[in-house]
Number of protein chains: 2
Amino acid sequence: MPAKTRARQRAPHLGPERRRPQVLDAALAIAVRDGIGAVTVGAVAAEMDVTRPVVYACFSDRVDMVEALLDRESAALLEAVLDALRGSGTTLEPEQAFTEGFRSLLAAAATRPDSWHLLLTGEPDPALSERFRAARTLVQAQATAWIGPAMVRWWNTPELGRKLPVLIEFFMSSCEAAVRSLLDDGNDWGPDELGEFVGSAVHRAFRDA
Amino acid sequence: MPAKTRARQRAPHLGPERRRPQVLDAALAIAVRDGIGAVTVGAVAAEMDVTRPVVYACFSDRVDMVEALLDRESAALLEAVLDALRGSGTTLEPEQAFTEGFRSLLAAAATRPDSWHLLLTGEPDPALSERFRAARTLVQAQATAWIGPAMVRWWNTPELGRKLPVLIEFFMSSCEAAVRSLLDDGNDWGPDELGEFVGSAVHRAFRDA
DNA sequence: GCAAATTCCTGCATAGGTGTATTAACGTCA
DNA sequence: TGACGTTAATACACCTATGCAGGAATTTGC
């Protein structure tokens, strides 16, 4: 026997079209396991038991590949977050708005934990930090556009123009903390009760700001 | 003319002992400017207008160098944070405890913004993430040891054992958000008033948890 | 002022990553 | 079944970073 027992000496002929999703799956697995810095073309190829040119047939570039990954993973999350923000706008009670918002945020997080892990802990690569920043900035802008007017309507908070940036930063961090708690190993909270708990806490912080 | 006008063809003989702090300063500058992933031996050497072997004379290793940087930068910060936690424990009023704590936290942050920047946005390197995690874990443990008993004393919060991990995660994120707000470019808050504002908000969130 | 030790620079070997051209195997369709 | 186009592997050139020699310059001590 000339070499170690290889499962298959040659991978099946699937073509770039059918390999693309496999490449992104492998890249996500590596990013979650070893950090996004470990997502190299070689690592992805090894993860799917294939050689590097196969990956290059799917994406022109390493950056192109990771951008595709971020696009795919962030699309679902972004939609979930924006839904959470919009959905809770219709609710009349302020506290319910927050708790419902956090509830649906956490429900979305529980559905695709790997995607959340990626977007929360990512950004080691200077060539891609722009894209992370952009995703976060978009959510932040949406949050500002929703929370600002709501606070005027509900509590007519004084000096809101000055306070709002700080409160938004606070809000974003609270969302991250909530998701982190939910995805934590020793966690025994369900998305619903955790959403209510955190949402209500954030509500109290904002109400008398 | 054989080459471009070089300021000094040969750097002065200082020796490893006097170069060590210079190396760390250069490393910090690079980390803040381009991220910690850009802190390579070559980059540090170029930053201080010296060749790589000079850096290797000070630190055996790239990891050794960055660990020394983290040690130096985190030492002052850790002390400041622990002081903030302990100092606010003597205060009797709960709300004052939070506002005072955040005030001294932000005062420390304002003194060494680069260090904070490093520890908040760092961790791209798998070989060093352990150290980042350790620093954060230590602060987290201290926060837990302080906040847990205090909440029992002040409000006798029910089901605290289950809630505390979530609240601590929430608290840590709030600290990060506060520091981020303070270090933000368009920020017009001083450490004191921002500390009071955020501390009071966090207090309301915790009081009725 | 001059030797000697210290300090710095030039250059090299190694390792790992990128991106591409060439070659060999697979699949498919006639 | 057999030929042809598609697909994957091998192999290469290049780059950047690491870590380590040996030779040149500067301090320092006498």
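Since the model is a prediction, treat every value here as computed from it, not as a measurement. Naming: A, B, ... by sequence-line order, numbering from 1 per chain. Scope of the values below: all heavy atoms of this structure, side chains included, with no hydrogens, waters or symmetry mates.
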Requested in this report: Check the distance between C:dT28's P and A:L14's CG and give it to me in whole angstrom.
Outcome: 10 Å
Query raised in the report: Considering only side-chain heavy atoms of A:H13, which listed nucleotide, C:dG19, D:dT7, C:dT7, is closest?
Result: D:dT7
Query raised in the report: Taking N and O atoms by type only, does the side chain of A:R10 place a donor or acceptor under 3.5 Å from a partner on the base of D:dA8?
Result: yes
**Report entry** Electrostatic pair A:D25:A:R20 at N-O distance under 4.0 angstrom
**Finding:** no
Requested in this report: Evaluate the ring planes of B:F171 and B:W146, with Trp represented by its six-membered ring, and classify them as parallel (under 30°), tilted (30 to 60°) or perpendicular (over 60°).
Outcome: tilted
Query raised in the report: D:dA9, C:dC9, D:dT18: which one has an atom nearest the side-chain heavy atoms of B:V41?
Result: D:dT18
Query raised in the report: Donor-acceptor pair under 3.5 Å: do we get one between A:R52's side chain and the base of C:dG17?
Result: no
Requested in this report: Give the rounded distance in Å between these two atoms: CZ of A:R18 and P of C:dC26.
Outcome: 16 Å
Query raised in the report: Can you tell me how far C1' of C:dT7 sits from OH of B:Y56, to the nearest Å?
Result: 18 Å
Query raised in the report: Does B:R62 put a side-chain nitrogen or oxygen below 4.0 Å from OP1 or OP2 of D:dT18?
Result: yes
**Report entry** Expected output: side-chain A:T40 to main-chain A:A43 donor-acceptor under 3.5 Å
**Finding:** yes
Requested in this report: Side chain of A:P53 only, please: which of C:dC9, C:dA21, D:dG19 is the nearest?
Outcome: C:dA21
Query raised in the report: Backbone N or O of A:G101 within a donor-acceptor pair of the A:S104 side chain at under 3.5 Å?
Result: yes
Query - d(CG, A:D64; P, C:dT18) in whole Å - result: 14 Å
Query raised in the report: ring pair (Phe, Tyr, Trp, His ring centres under 6.0 Å) between A:F102 and A:F197: does it pass, once the steps are laid out?
Result: CA-CA 9 Å; A:F102 269 90; A:F197 181 61; over 10 Å; no
Query raised in the report: Taking for each residue the nucleotide of DNA chain D bearing the nearest heavy atom, is the 5' side occupied by A:A57 or by B:V39?
Result: A:A57
Query raised in the report: Could you give the CZ-to-P distance, from B:F59 to D:dC20, as a whole number of Å?
Result: 16 Å
Report summary line: To the nearest angstrom, the CD-C1' distance between B:E17 and D:dT28 comes to 18 Å
Query raised in the report: Do the side-chain N or O atoms of A:R19 get closer than 4.0 angstrom to the phosphate oxygens (OP1, OP2) of D:dA8?
Result: yes
Query - B:T40, nearest nucleotide to its side chain (from D:dA24, D:dT18, C:dC26) - result: D:dT18
